[in-house]
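Counting starts at 1 for both ligands and their atoms, following the listed order.
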Amino acid sequence: MQALTPPYSTGLCLKSLVPTSTSHKVGPGQLSVHYVYRFDSSNGNPNTGFHLGSQIGANRADWQSSCAILASKVVSQQEEKDKSRNKSDSITTVNGHPSSMDLVPLDKIPKPLTITDLSPSPTHGSNLRVAYQGVPGAYSEAAAGKAYPNCEAIPCDQFEVAFQAVELWIADRAVLPVENSLGGSIHRNYDLLLRHRLHIVGEVQLPVHHCLLALPGVRKEFLTRVISHPQALSQCELTITKLGLNVAREAVDDTAGAAEFIAANSLRDTAAIASARAAELYGLDILFDGIQDDSSNVTRFVMLAREPIIPRTDRPFKTSIVFAHEKGTSVLFKVLSAFAFRNISLTKIESRPHRNMPIRIVDDANVGTAKHFEYMFYVDFEASMAEVRAQNALAEVQEFTSFLRVLGSYPMDMTPWTPSRE
Ligand SMILES: O=C(O)C(=O)C[C@]1(C(=O)O)C=C[C@@H](O)C=C1
């Protein structure tokens, strides 16, 4: 067995997929879980020297008992230290039996880790510091609260800052939007997921209900401009036109920031598209309520952490990967069919330019030069990395890819559907 960090993949090839044990480490302000991965070269694929294990069932018991052993070691080492510190002024035995001073107090007896210590359950929100992009009143703040109730939400001015806040231990998690049902993907975050080494540990879907906000007393006839986050502008595009507003649209960093800007600068010719909470926070009136073009307007956010969670099979899981495929005919088809053959549904596919190699010359004949664009493909599929079919699918995918990374395997958001209010 060999400890590998980061646990899923490093660079070009998939190194290890199945966490087999875990230990706890105390870092500044929080407890983190460190994983030990089974590295099985005996069954190895000749190209890679390893095999995507299928022993998760057997290993689960192993890693659970390892958890308990490791946890008790941490506590007993602390006990040793305390004991040697107190040795000089304590009587340690009475008639050969340990004195009461030697007994470990009940509340110090190490407790085995339970499954809830390893799960990203929403109750873990209290005391967590969660970074989001925007200012208070932004939808991302609401998403952070939905993902981690009672968390301390930390506003960040850029997505990149939210990633760094987690990497630098200023925050424990980041909650960032990746796609909206009307506006589509938030590409910046896909690119940042690849550039940074954080792990997706969960997802949360937030119904987004937009309002048109303006200073008290402002009427729609006064307006020459509507400002908001580009996603919010695109989600309300048709409604703004239908309302007969003859306004310029201007993009700003976030919806609540737009409301704050109007209030701070006393702008009577400008309205913001933002939440009702932003209206309350920045003292604006709601001119129109529910201006999203579709009442089922939902934004999907991902929760990011420094460590991955242990994938499970007792609830619906999703796995997110990113890959670049090899050259050749129908290679993308072959990659995707690895999932189809195993009855694994793909829920999302997104392509982004392959920044290290954006163009490939495929044909340089006397008729001219054919150039293909190169892409990074982001795929979400409905399976847990603890499932053998998912491990086998990725083993197959790896044969057709020059780069493959598992971004995370995490519980699907299964909260009941509540469309945004009409
Ligand atoms: O500006 C905000 O309030 C955000 O939280 C950002 C954001 C986004 O990036 O998509 C989040 C949800 C809505 O889709 C609109 C904007």
Review point. Would you call R352-E350 a salt bridge at under 4.0 Å N-O?
Key: no
Check your understanding: Do R197 and E167 sit within salt-bridge range, that is, some charged N less than 4.0 Å from a carboxylate O?
Key -> no
Exercise for review: Quick one: list whatever passes ring-ring contact (aromatic ring centres under 6.0 Å, His included) with F163, sequence neighbours left out.
Suggested key: H196
**Study point:** Region of E141 engaging ligand 1 - heavy atom pairs below 4.0 Å
**Key:** neither
Check your understanding: Quick one: which of F403, F377, Y375, F400 gives a ring-ring contact (aromatic ring centres under 6.0 Å, His included) with H325?
Key -> F377
Check your understanding: For atom 14 (O) of ligand 1, which protein heavy atom lies nearest, and how many Å away is it?
Key -> T299 OG1, 2.8 Å
**Study point:** CA sep, side-chain torsions, deciding dist, call: Q292, N180, side chain to side chain contact (heavy atoms under 4.5 Å, CB included)
**Key:** CA-CA 12 Å; Q292 61 282 355; N180 172 268; over 6 Å; no
Review point. Does a side-chain N-to-carboxylate-O contact under 4.0 Å join E237 and R249?
Key: yes
Practice item. With heavy atoms under 4.0 Å as the rule, classify the contact between I186 and ligand 1 as side chain, backbone, both or neither. Key: side chain
Check your understanding: Counting only heavy atoms, which portion of P177 has something under 4.0 Å from ligand 1: side chain, backbone, both, or neither?
Key -> side chain
Point to revise | Heavy-atom nearest neighbour in the protein, as seen from atom 4 (C) of ligand 1, with distance rounded to 0.1 Å | key: S140 OG, 3.5 Å
Check your understanding: Which residue supplies the protein heavy atom nearest to atom 8 (C) of ligand 1, what is that atom called, and how far is it?
Key -> H229 CE1, 3.6 Å
**Study point:** Nearest neighbour in protein (non-hydrogen) for atom 3 (O) of ligand 1
**Key:** T255 OG1, 2.5 Å
Exercise for review: Under 4.0 Å from a heavy atom of Q231: give me the atoms of ligand 1 that qualify, with their elements.
Suggested key: 10 (O)
**Study point:** Proximity of D254 to ligand 1 by residue part, where a heavy atom lies under 4.0 Å
**Key:** both
Check your understanding: Under 3.5 Å, is there a donor-acceptor pair between the Q235 and N297 side chains?
Key -> yes
